[in-house]
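In what follows, chains carry the letters A, B, and so on, assigned in the order in which the sequence lines appear, proteins first and then strands, with residues in each chain numbered from 1.
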There are 2 protein chains.
Amino acid sequence: MMETIEQFLESKKIRVTAMRLLIYKFLAERQVAVTLSDIENTFEKADRTTLYRTIKTFEDKAIVHQIDDGTGITKYALCEQGCNCEIETDLHLHFHCNNCNQTICLTEHKIPQIKVPDGFVSENINLVVKGICDKCSGQ
Amino acid sequence: MMETIEQFLESKKIRVTAMRLLIYKFLAERQVAVTLSDIENTFEKADRTTLYRTIKTFEDKAIVHQIDDGTGITKYALCEQGCNCEIETDLHLHFHCNNCNQTICLTEHKIPQIKVPDGFVSENINLVVKGICDKCSGQ
DNA sequence: CCAATACCTGCAACGGAAGTGCAATTATTG
DNA sequence: CAATAATTGCACTTCCGTTGCAGGTATTGG
Ligand SMILES: [Mn+2]
Ligand SMILES: [Mn+2]
Ligand SMILES: [Zn+2]
Ligand SMILES: [Zn+2]
């Protein structure tokens with residue numbers, strides 16, 4: 001029934017390595033989007049490049065999606081099951097807290113239909129809401 | 001009636017210099033958002049830093065707004081009259097063309113109301129639509 | 001009009017983040 | 001077990017944004 005991480009990675013044609021398992025687990029246990037530096041700080045023994053390329057592999061195989069929250073630093077989060085990143089970046093919205101600087105996937109909150117002028121073709125939408133998160137608003 | 005650029009800058013407490021007039025005119029005559037490199041390439045005699053600081057001044061004085069279109073490179077555009085960038089980044093949406101790589105302010109298209117979960121406070125929204133622009137769609 | 005001051009500009013340098021080439025190590029296949 | 005393929009680590013590069021400082025230019029007020 002419940003497939004292991006190893007099985008999951010293999011199903012996505014990603015070879016299982018110690019590094020990849022560690023990084024996958026790290027992403028899975030965090031609720032917020034992470035930067036490459038976050039990962040670097042967590043796995044100090046590993047080389048930057050390896051971490052970088054691991055995330056890139058995950059992205060290519062569509063189990064991680066990239067988030068541009070406007071801080072200038074790319075963040076990453078595991079895709080939901082059934083997410084269609086390969087086709088278009090998934091259309092849930094992201095929330096960036098101006099206080100704790102964390103970015104959260106609001107996977108339940110889909111992006112509404114956006115009208116564009118005649119002649120423009122919309123393929124993809126990035127929507128980031130900035131403000132104060134639930135933890136920081138003391139609520 | 002019609003105020004000159006000089007008068008406009010002074011009204012915003014920006015001292016008029018040759019450089020600032022040139023960059024202002026450059027921004028004014030372009031319909032698309034520009035990068036710092038765009039400006040650098042246009043004014044090759046001027047120093048990178050001066051151009052950077054000129055844009056920064058314009059931004060601080062709220063006559064230019066910054067656009068993060070997800071390319072990783074910050075873009076800039078003149079604010080509309082009555083734009084309230086000082087308070088919150090103006091809430092029109094931006095369109096990034098995946099073909100010609102240009103980013104356009106859709107100042108007529110305001111961002112719809114976005115619901116966030118309980119406990120979250122929305123202060124600001126960045127919405128970028130990506131796709132094919134009117135020129136590139138051959139329409 | 002001149003001196004003091006404030007502001008603007010250019011040069012050099014720095015830092016962070018992203019990305020690449022190559023060689024060494026490790027895993028996979030037959 | 002040998003041949004092959006993929007992964008990892010190291011060194012290095014590039015790009016963008018940013019800052020410190022010093023020289024130049026404009027503004028002010030006496
Ligand atoms: Mn997400
Ligand atoms: Mn705009
Ligand atoms: Zn927060
Ligand atoms: Zn286009």
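As rounded to whole Å, 18 Å separates atom P of D/dT25 from atom CG of B/Leu21. The distance between atom NZ of A/Lys45 and atom P of D/dT8, rounded to the nearest whole Å, is 14 Å. Computed from coordinates, the B/Glu59 CD to D/dG17 C1' distance equals 12 Å when rounded to whole Å. Going from atom CG of B/Asp47 over to atom P of C/dA13 covers 14 Å, rounded to whole Å. Rounding to whole angstrom units, OH of residue B/Tyr76 and P of D/dC16 are separated by 12 Å. We find that CD1 of A/Ile73 is positioned 13 Å from P of D/dG17, with the value rounded to whole Å. Between the P atom of C/dT9 and the CZ atom of B/Phe43 lies a distance of 13 Å, rounded to the nearest Å. Rounded to whole angstrom, the span from the CD1 atom of A/Ile39 across to the C1' atom of C/dA17 amounts to 14 Å.
Not one N or O on the side chain of A/Lys135 forms a donor-acceptor pair closer than 3.5 Å with the backbone of A/Ile132. Counting only distance, with no hydrogens or angles, the side chain of A/Thr54 and the backbone of A/Arg20 share no donor-acceptor pair below 3.5 Å.
Looking at heavy-atom distances under 4.0 Å, B/Thr49 makes contact with a base. Nucleic acid contact for B/Arg53: base, since at least one base atom lies under 4.0 Å from a heavy atom of the residue.
Side chain of B/Met19, nearest nucleotide from D/dT8, C/dT9, D/dT19: C/dT9. Distances from the side chain of A/Ala46 to the nucleotides D/dG9, D/dT8, D/dT18 place D/dG9 closest.
When the side-chain nitrogen and oxygen atoms of B/Thr17 are compared with OP1 and OP2 of C/dC8, none of them lie within a distance under 4.0 Å. At C/dA18, one or more side-chain N or O atoms of A/Thr74 fall inside 4.0 Å of OP1 or OP2 (strictly under the cut-off). Applying the 4.0 Å criterion to OP1 and OP2 of C/dA17, one finds that A/Thr35 has every side-chain N and O outside that range. For C/dT28, neither phosphate oxygen OP1 nor OP2 lies less than 4.0 angstrom from any side-chain nitrogen or oxygen of A/Arg15.
Shown are B/Asp68, B/Asp69, B/Thr35; of these, the side chain to side chain donor-acceptor pair (under 3.5 Å) with B/Lys75 is made only by B/Asp69.
Not less than 6.0 angstrom separates the ring centroid of A/Tyr76 from the ring centroid of A/Phe58. Taking the ring centroids of B/Phe26 and B/Phe43, they lie under the 6.0 Å cut-off.
With hydrogens and angles ignored, a donor-acceptor pair under 3.5 angstrom links the side chain of B/Arg48 to the base of D/dG17.
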